[in-house]
Amino acid sequence: MESRREKNPMTEEESDGLIAARRIQRLSLHLSPSLTPSPSLPLVQTETCSARSKKLDVNGEALSLYMRGKHIDIQEKIFDFFNSRPDLQTPIEISKDDHRELCMNQLIGLVREAGVRPFRYVADDPEKYFAIMEAVGSVDMSLGIKMGVQYSLWGGSVINLGTKKHRDKYFDGIDNLDYTGCFAMTELHHGSNVQGLQTTATFDPLKDEFVIDTPNDGAIKWWIGNAAVHGKFATVFARLILPTHDSKGVSDMGVHAFIVPIRDMKTHQTLPGVEIQDCGHKVGLNGVDNGALRFRSVRIPRDNLLNRFGDVSRDGTYTSSLPTINKRFGATLGELVGGRVGLAYASVGVLKISATIAIRYSLLRQQFGPPKQPEVSILDYQSQQHKLMPMLASTYAYHFATLYLVEKYSEMKKTHDEQLVADVHALSAGLKSYVTSYTAKALSVCREACGGHGYAAVNRFGSLRNDHDIFQTFEGDNTVLLQQVAADLLKRYKEKFQGGTLTVTWSYLRESMNTYLSQPNPVTARWEGEDHLRDPKFQLDAFRYRTSRLLQNVAARLQKHSKTLGGFGAWNRCLNHLLTLAESHIETVILAKFIEAVKNCPDPSAKAALKLACDLYALDRIWKDIGTYRNVDYVAPNKAKAIHKLTEYLSFQVRNVAKELVDAFELPDHVTRAPIAMQSDAYSQYTQVVGF
Ligand SMILES: Cc1cc2nc3c(=O)[nH]c(=O)nc-3n(C[C@H](O)[C@H](O)[C@H](O)COP(=O)(O)OP(=O)(O)OC[C@H]3O[C@@H](n4cnc5c(N)ncnc54)[C@H](O)[C@@H]3O)c2cc1C
């Protein structure tokens with residue numbers, strides 16, 4: 001498909017001048033919708049896009065319906081409950097200690113008064129669990145994390161790493177909050193490198209008990225949520241030490257998980273041998289009581305070993321269905337990916353909130369304008385569109401991608417299919433890191449996009465930004481997780497040459513080896529018509545091409561460097577390249593899911609709005625990485641220019657339906673707690689807050 005513009009070339013200045021004039025005209029059209037375009041000034045790129053000259057009339061209800069999760073009912077129940085309980089709403093100013101108590105009371109209220117029982121869904125209906133987490137997190141992020149610690153981390157470790165005896169004994173207490181608990185993995189000296197943990201659990205065959213010890217200060221469990229104040233139990237990750245009859249006397253079986261009571265069930269006093277300190281005031285999430293735990297010969301029954309992947313018999317014999325320490329460790333961590341899935345999902349929730357606040361405010365806020373004319377909405381400035389419209393498109397993209405992740409995770413929990421486990425592991429690592437890093441940056445952009453009023457605490461950016469920031473680190477540091485994605489891609493790349501299979505998410509790599517690595521097509525590299533640039537095939541091909549190339553190159557570089565530097569050194573030498581590869585792959589998966597979501601949308605107007613957002617997402621990403629495409633002539637210079645222009649134009653088009661796109665998130669109850677996001681009445685809401 002060839003662009004008509006190729007047959008009717010224009011100088012760059014002519015073209016830019018015309019576009020500027022058209023843009024001003026469109027701007028005034030938007031401000032006074034009754035005006036009709038002057039026939040002497042054609043709309044932007046009418047040659048190729050006459051159909052898009054009008055503002056899209058979006059059926060908001062249909063779009064909301066399509067976006068709405070299956071579990072909107074339980075989310076509404078949660079919002080209604082908190083709306084009806086002002087005593088359980090978090091005030092803007094609150095001390096750490098009060099916040100922690102409030103957060104615990106919020107959780108108790110949710111479970112015991114509103115009757116929402118998240119734990120029941122952790123294993124059996126994860127989609128519902130994540131929907132609850134999203135709603136609860138939007139009430140107060142500390143509450144969302146506290147709930148995650150109790151049910152997903154502490155509760156999840158018991159049911160996923162333990163066996164029936166553990167489920168029978170602990171399920172009800174965890175569910176009804178009698179058994180509050182912690183997940184104690186991280187130590188002062190080891191966070192990301194979990195295999196380096198030093199806490200020990202030594203089996204004592206005489207008493208049929210394990211003895212838990214913190215061998216040195218570096219092994220103190222650190223940052224443990226629920227430990228400082230509320231937790232009664234902890235799942236403690238420790239090296240299992242078994243006595244042997246050889247000269248060594250003991251054998252280190254690797255890291256295992258153990259249930260360790262830390263406070264008395266009745267008095268709540270710290271138990272003998274356990275020392276607990278408070279990790280103190282944090283940058284955010286101060287409703288969560290993070291603490292440090294030290295163990296001095298704390299004895300627990302043998303039954304407290306969470307023994308799904310490895311067990312110790314009465315006589316101290318070790319058994320496991322998995323042959324090596326590494327495999328057992330992998331299986332243990334594999335069961336914990338639910339936390340990552342939850343964080344990716346919750347991070348999209350935060351992005352929806354902050355984008356909604358910033359966009360609603362930008363629609364309402366007016367600054368400057370043409371002489372003697374009303375001031376214009378700040379969202380009509382190209383720069384503001386540039387900040388916020390690709391972000392809105394990305395929010396949609398991540399929404400569909402994380403829904404897919406949750407779906408796959410739920411399927412994995414049901415089938416335990418090995419390929420799916422591997423797929424979900426890499427996908428959750430990739431999406432968690434990619435989305436949380438994006439949201440963290442977006443929060444700053446949104447704050448700045450709202451000017452000074454974005455800085456008022458009541459408008460939420462401060463708490464959202466501070467609370468969300470650590471999403472990039474806990475449940476796996478983003479840089480470390482992206483490396484797992486890269487390692488997985490390389491593994492599959494290698495397997496491919498050994499005749500292995502590729503799972504659905506990765507199947508494009510099969511073609512990539514054959515198609516994408518051939519020389520870029522010099523003809524398509526020049527196609528620049530709108531139809532071509534908005535064709536999902538072009539967009540996906542471009543993303544896939546980039547990933548495949550990065551993969552091919554890094555594989556060769558690793559091979560070359562490993563000869564002189566060894567495996568570890570070569571990996572480090574190629575680290576930035578590997579991270580780029582992982583991000584490129586995740587972007588490819590995200591785009592594929594977005595394209596699919598557009599295709600499946602039943603309402604034509606909602607579909608058209610989604611298509612705009614999807615095209616903007618794709619072209620904006622290609623434009624941001626245009627150097628890569630230009631370097632290898634995948635995109636010719638004129639095509640690069642066309643991509644840039646179309647991206648700007650799509651930003652403008654998305655701006656025209658921004659209100660509908662934002663409204664479809666259906667966030668009114670809690671988002672409007674930010675006065676600047678109140679569409680109709682922002683200033684009076686805001687002035688009331690400061691006391692006028
Ligand atoms: C508020 C909060 C709550 C938490 N809750 C819990 C909890 O309930 N239970 C629990 O067990 N833990 C908890 N944690 C701990 C958390 O999981 C760890 O902080 C996290 O895993 C990162 O470990 P680290 O802090 O040791 O960072 P490090 O691993 O020391 O990382 C520091 C920096 O080094 C970089 N780095 C490290 N390794 C590599 C590498 N191989 N390649 C490149 N760069 C690298 C990282 O990217 C990072 O920038 C919590 C932490 C916080 C702050």
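For ligands, and for the atoms within them, numbers begin at 1 and follow the listed sequence.
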Does at least one non-hydrogen atom of Asp477 fall below 4.0 angstrom from an atom of ligand 1?
yes
With a cutoff of 4.0 Å, is Thr473 in contact with ligand 1, counting heavy atoms of the residue only?
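Contact check Thr473 vs ligand 1: positive.
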Lys/Arg N to Asp/Glu carboxylate O, Lys432 vs Asp477, below 4.0 Å
no
Taking 4.0 angstrom as the limit, do Asp125 and Arg120 come out as a salt bridge?
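Arg120 and Asp125: not salt-bridged.
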Note the single closest protein heavy atom to [atom], along with its residue, its atom name and the distance in Å.
| atom | answer |
| --- | --- |
| atom 5 (N) of ligand 1 | Trp223 O, 2.9 Å |
| atom 37 (C) of ligand 1 | Val480 CG2, 4.0 Å |
| atom 44 (N) of ligand 1 | Thr479 CG2, 4.1 Å |
| atom 8 (O) of ligand 1 | Gly225 N, 3.1 Å |
| atom 10 (C) of ligand 1 | Thr186 OG1, 3.3 Å |
| atom 41 (N) of ligand 1 | Gln483 NE2, 4.0 Å |

Decide whether an N or O pair under 3.5 Å exists between Ser192 and ligand 1.
yes
Distance (rounded to the nearest 0.5 Å) between Met185 CE and Phe237 CZ
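The CE atom of Met185 sits 4.0 Å away from the CZ atom of Phe237.
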